[in-house]
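First up is the structure itself, then whatever we jot down about it.
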Amino acid sequence: MDRVPLSEADGHMAELIERVENGEEIVILRDGKPAVKLVPVAENAQSEGIPTGKPPIRFGFAKGQIRIADDFDAPLPDDLLKSFYGLAPDEEWPDQWKGTPG
């Protein structure tokens, strides 16, 4: 991956684009820090308006594969809830927590 200062890239954009089209990735620096990255655009992505490097979001791809129980948001049993707070199942809730959990 080549790094090119913006001042240099400004006068050589056609050359940089040609290099990117041939598979190179080029980072353009502004004040010595990476500002943008030039990468080739995949043919199918360009025609569909999808940015390269990221797969398209496919909503519903797991439909029918996930089941959520009707009681998924039911309160936890007291002994299990206490274990999340580092208490023993038979230990009483500290005063500052009474009424908070569960």
Side-chain angles (χ1 to χ4, degrees):
M1 184 179 331
D2 199 7
R3 299 165 77 98
V4 180
L6 179 59
S7 57
E8 187 180 316
D10 191 32
H12 299 93
M13 192 54 69
E15 177 190 329
L16 294 176
I17 290 174
E18 187 174 330
R19 288 173 54 190
V20 169
E21 288 174 334
N22 290 322
E24 286 188 59
E25 292 184 355
I26 298 174
V27 173
I28 297 179
L29 307 173
R30 182 191 303 258
D31 299 325
K33 297 177 186 169
V36 295
K37 182 178 179 180
L38 299 177
V39 295
V41 176
E43 287 181 35
N44 63 343
Q46 187 176 16
S47 64
E48 297 175 18
I50 301 169
T52 60
K54 296 180 182 177
I57 297 172
R58 296 183 321 137
F59 292 104
F61 72 93
K63 186 175 183 177
Q65 298 178 14
I66 298 173
R67 182 179 102 51
I68 298 175
D70 292 334
D71 63 347
F72 80 97
D73 58 349
L76 294 173
D78 204 42
D79 59 333
L80 180 58
L81 189 59
K82 285 180 179 181
S83 69
F84 283 108
Y85 289 91
L87 301 172
D90 58 346
E91 195 174 345
E92 289 294 320
W93 288 105
D95 289 335
Q96 70 266 23
W97 291 351
K98 285 193 177 173
T100 304

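Everything quoted here is computed from the prediction, not taken from an experiment.
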Enter the distance from [X]:[atom1] to [Y]:[atom2] here, rounded to the nearest 0.5 Å.
X: E8; Y: M13; atom1: CD; atom2: CE; answer: 11.0 Å
X: H12; Y: S7; atom1: NE2; atom2: OG; answer: 10.0 Å
X: L38; Y: E21; atom1: CG; atom2: CD; answer: 11.0 Å
X: D70; Y: R67; atom1: CG; atom2: CZ; answer: 7.5 Å

Do [X] and [Y] belong to the same hydrophobic cluster, where Ile, Leu, Val, Met, Phe, Trp and Tyr are linked whenever their side-chain heavy atoms lie under 4.5 Å apart, directly or via other members?
X: L76; Y: L87; answer: yes
X: V27; Y: L16; answer: no
X: L6; Y: L29; answer: no
X: L80; Y: W93; answer: yes
X: I26; Y: V39; answer: no

**Greater than 12 external heavy atoms within 6.0 Å of D31's CG** =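 It does not: D31 CG has 12 such atoms or fewer within range.
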**Prompt:** Which atom names give the shortest non-hydrogen contact between P89 and K82, and what distance separates them?
**Reply:**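 That closest heavy-atom pairing would be O-NZ, 3.5 Å.
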**Request:** Evaluate the criterion side-chain contact (heavy atoms from CB on, under 4.5 Å) for residue pair R19 and D2; output intermediate values, then yes/no.
**Result:** CA-CA 10 Å; R19 288 173 54 190; D2 199 7; 2.6 Å; yes
**Message:** So that I can tick it off, tell me whether K37 and E25 are bridged by a salt bridge, with the cut-off set at under 4.0 angstrom between side-chain N and carboxylate O.
**Reply:**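 K37 and E25: salt-bridged.
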**Item:** Heavy-atom donor-acceptor pair, E91 side chain to A88 backbone, under 3.5 Å
**Value:**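 It does hold such a pair.
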